[in-house]
Structure formats: C-alpha cells, structure tokens
Chemist: 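Pasting a structure below so you can have a look.
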Amino acid sequence: MSNQEIEDIPIRDDMIRLGQLLKLANLVEDGVEATELIKNGLVKVNGEIDDRRGRQLHHGDTVTVNNRTVRISAAGA
C-alpha cells in the first residue's frame, strides 16, 4: 500500500452502502457514475475489488477510487 493520505468520512449510523459512500465522499457525481465504476472493477473495498453497489461498509472499512482512499468513521465508534 502506498503512503497516500486516507481521508476519514464520518457517517451517522453504524453502516453505509458502497454506492451511498461514494456519493457522500464526493468520489462520484451521482449514482450512475458510482454504478459504472463499481461494475467496471474500479472500486476497492479494504484493498480488494468489490462489484457490489449495495455492499455494507462499517467503521474502519476503506474504499479506494482513482488513487483516493477514504475510511469510514461511524458516529458511535
């Protein structure tokens, strides 16, 4: 793994879906773009490509798109 900055993204609940996170973190413009990136294998969850837009993400999970990595920070954690 590179020494890139990891940005923490706070969420209200203890879980968020991958498609929602991509929009919340401004990694995509909209749901259509999120779907395309995920479908084309361009999204990594915890270092592995994931093709499930509805994938549940929890505190501490990381998502990488276009060399930008964000980490889930749940309010209750």
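For the single chain, residues carry numbers from 1 onward in sequence order.
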Chemist: Side-chain contact test, heavy atoms from C-beta onward, threshold under 4.5 Å: evaluate it for Leu22 versus Ile38 and give yes or no.
Modeler: yes
Chemist: Provide the closest heavy-atom pair for Arg71 versus Asp8 in the form atom of the first, atom of the second, distance.
Modeler: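 Nearest pair, atom of Arg71 first, then Asp8: NE-OD1, 2.7 Å.
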Chemist: Inspect the surroundings of CG in Asn66 and state if more than 12 heavy atoms from other residues, nucleotides or ligands are less than 6.0 Å away.
Modeler: no
Chemist: Measuring from Asn67:CG to Lys44:NZ, what's the distance to the nearest 0.5 Å?
Modeler: 9.0 Å
Chemist: In Å, rounded to the nearest 0.5 Å, how long is the span from CD1 of Ile72 to CG of Asp14?
Modeler: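 Result: 11.5 Å between the selected atoms.
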Chemist: Excluding sequence neighbours, so at least two apart, what forms side chain to side chain donor-acceptor pair (under 3.5 Å) with Lys23?
Modeler: none
Chemist: Does Leu42 offer a backbone N or O that forms a donor-acceptor pair with the side chain of Asn40 under 3.5 Å?
Modeler: no
Chemist: Indicate yes or no: at least one non-hydrogen side-chain atom of Val43 is less than 4.5 angstrom from one of Val63.
Modeler: yes
Chemist: Between the main-chain N or O of Ile16 and the side-chain N or O of Gln20, is there a donor-acceptor pair closer than 3.5 Å?
Modeler: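 Checking the backbone N and O of Ile16 against the side chain of Gln20, no donor-acceptor pair under 3.5 Å is found.
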Chemist: So, for Leu24 and Pro10, which heavy atoms are closest and what is the spacing to 0.1 Å?
Modeler: CD2-O, 3.9 Å
Chemist: Would you name the heavy atoms of Thr62 and Gly47 that are closest together and state the gap between them?
Modeler: OG1-N, 4.4 Å
Chemist: Rounded to the nearest 0.5 Å, how far does CG of Leu21 lie from CG of Leu27?
Modeler: 6.5 Å
Chemist: Kindly compute the distance separating OG1 (Thr69) from CD1 (Ile9), expressed to the nearest 0.5 Å.
Modeler: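 Thr69 atom OG1 to Ile9 atom CD1 measures 11.0 Å (nearest 0.5 Å).
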Chemist: Is there a side-chain contact between Arg68 and Glu7, using heavy atoms and a 4.5 Å cut-off?
Modeler: yes
Chemist: Per the side-chain hydrogen bond (donor to acceptor under 3.5 Å, both in side chains) rule, what does the pair list look like for residues 48-58, sequence neighbours excluded?
Modeler: Thr35-Arg53, Asp50-Arg52, Asp50-Arg55
Chemist: Set out, in order, the CA-CA distance, both residues' side-chain angles and the distance that settles side-chain contact (heavy atoms from CB on, under 4.5 Å) for Val45 and Leu18, then state yes or no.
Modeler: CA-CA 9 Å; Val45 176; Leu18 180 56; 4.1 Å; yes
